[in-house]
Amino acid sequence: MANYACMSKYHFCRVFSEVYGESPYHYISKMRIEQAKRLLVTSKLSINDICEAVGYTSVGSFSFLFRKKTGMSPTQYRSKLWALVKDPLTYPVQSVPLCYAHHLFGEKIDKSNIE
């Protein structure tokens, strides 16, 4: 990213951190974990496939980071959220803040849709 921005990697990291409030590494890690959470709930992909899909090469490292960020393993996360819905592979509306639902689902969800 630094090369693309025509900056040294050190200067890029400083500027990125000032603008986003976190390092590029932490930002990318956060985005990867968010994508993994979506895939865990909305797909039947294996943990290994999800690990690779979000850019990790080691399932152990992915699982460790996922647990560190969410407080549970990828398998536990999937089981817990699938238990909240009647139809697996859909996000349980109860687990998604309404302000974020539009971004996540691409359509407006109101409180009447929450069971």
Side-chain angles (χ1 to χ4, degrees):
M1 290 188 293
N3 285 339
Y4 187 74
C6 299
M7 297 180 189
S8 75
K9 64 181 179 179
Y10 303 107
H11 184 64
F12 177 81
C13 286
R14 279 192 301 273
V15 171
F16 189 98
S17 295
E18 287 174 17
V19 172
Y20 291 100
E22 60 190 336
S23 71
Y25 171 80
H26 286 105
Y27 179 82
I28 290 169
S29 293
K30 181 174 67 175
M31 294 295 104
R32 287 177 172 175
I33 295 298
E34 289 303 313
Q35 178 64 20
K37 288 162 76 174
R38 279 190 286 281
L39 289 171
L40 283 165
V41 175
T42 61
S43 77
K44 289 185 178 182
L45 292 172
S46 69
I47 303 302
N48 189 50
D49 290 341
I50 291 172
C51 168
E52 291 175 4
V54 299
Y56 291 98
T57 56
S58 164
V59 175
S61 296
F62 166 69
S63 294
F64 176 81
L65 182 61
F66 191 92
R67 182 184 296 273
K68 184 177 175 183
K69 299 288 184 181
T70 65
M72 60 187 87
S73 72
T75 303
Q76 291 170 326
Y77 184 87
R78 174 179 270 171
S79 297
K80 182 177 180 178
L81 270 88
W82 276 9
L84 291 175
V85 295
K86 295 177 182 117
D87 181 25
L89 306 180
T90 60
Y91 249 102
V93 175
Q94 305 93 319
S95 68
V96 181
L98 290 175
C99 60
Y100 187 64
H102 178 70
H103 169 72
L104 183 65
F105 297 110
E107 62 185 52
K108 189 165 180 141
I109 295 183
D110 60 26
K111 290 184 181 181
S112 65
N113 293 341
I114 300 175
E115 296 178 2

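Please read these numbers as outputs of a predicted model, since none were measured by experiment.
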Asks: The criterion is side chain to side chain contact (heavy atoms under 4.5 Å, CB included); which residues satisfy it with K80, sequence neighbours excluded?
Replies: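 K80 satisfies side chain to side chain contact (heavy atoms under 4.5 Å, CB included) with M72 once adjacent residues are dropped.
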
Asks: Output the distance between atom NZ (K69) and atom CZ (R32), rounded to the nearest 0.5 Å.
Replies: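 The NZ atom of K69 sits 12.5 Å away from the CZ atom of R32.
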
Asks: Please enumerate all residues that pass salt bridge (charged side-chain N to carboxylate O under 4.0 Å, His left out) together with K30, with sequence neighbours excluded.
Replies: E22

Asks: Once rounded to the nearest 0.5 Å, what's the spacing between atom NZ of K37 and atom CD1 of I50?
Replies: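 Answer for the NZ-CD1 pair, K37 versus I50, is 13.0 Å.
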
Asks: Any ring-ring contact (aromatic ring centres under 6.0 Å, His included) involving residues 33-56? Give me the pairs, sequence neighbours left out, ordered by first then second residue.
Replies: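 ring-ring contact (aromatic ring centres under 6.0 Å, His included) check on residues 33-56 returns Y56-F62.
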
Asks: Quick one: side chain to side chain contact (heavy atoms under 4.5 Å, CB included) partners of V15, sequence neighbours excluded?
Replies: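 Partners of V15 by the side chain to side chain contact (heavy atoms under 4.5 Å, CB included) criterion, ordered by chain and then number, come out as H11, V19.
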
Asks: In terms of hydrophobic clusters joined by side-chain contacts under 4.5 Å, are L40 and L45 together?
Replies: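 Looking at the clustering, L45 is in the same group as L40.
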
Asks: Which atom names give the shortest non-hydrogen contact between A53 and L39, and what distance separates them?
Replies: CB-CD1, 4.1 Å

Asks: Looking at Y77 and V41, what are the two nearest heavy atoms and their distance?
Replies: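 The answer is CE2-CG2, 3.8 Å.
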
Asks: Can you give me the closest heavy-atom contact between M1 and P24, atom names plus distance?
Replies: CE-CB, 3.8 Å

Asks: Just jot down the ring pair (Phe, Tyr, Trp, His ring centres under 6.0 Å) partners of Y20, sequence neighbours excluded, or say none.
Replies: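 In terms of ring pair (Phe, Tyr, Trp, His ring centres under 6.0 Å), with neighbours along the sequence ignored, Y20 is linked to F16, Y27.
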
Asks: Other members of the hydrophobic cluster containing Y25, with the 4.5 Å side-chain heavy-atom rule, please.
Replies: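 Taking Ile, Leu, Val, Met, Phe, Trp and Tyr as members, Y25 stands alone, with no cluster partners.
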
Asks: In the single-linkage hydrophobic clustering (I, L, V, M, F, W, Y; side-chain heavy atoms under 4.5 Å), do I28 and F64 co-cluster?
Replies: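 No, I28 and F64 fall in different hydrophobic clusters.
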
Asks: Determine whether S63 and S73 make a side-chain contact, defined as any pair of heavy atoms from C-beta on separated by less than 4.5 Å.
Replies: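 No. Closest side-chain heavy atoms not under 4.5 Å.
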
Asks: Would you give the length of the straight line joining atom OG of S58 to atom CD of E52, rounded to the nearest 0.5 angstrom?
Replies: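 Answer for the OG-CD pair, S58 versus E52, is 10.5 Å.
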
Asks: Are any non-hydrogen side-chain atoms of L65 and S29 less than 4.5 angstrom apart?
Replies: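 Answer yes - side chains close enough.
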
Asks: How about Q35 and R38: does a side-chain donor come under 3.5 Å of a side-chain acceptor?
Replies: yes

Asks: For the side chain of R78 and the backbone of K44, is there at least one donor-acceptor N/O pair under 3.5 Å apart?
Replies: no

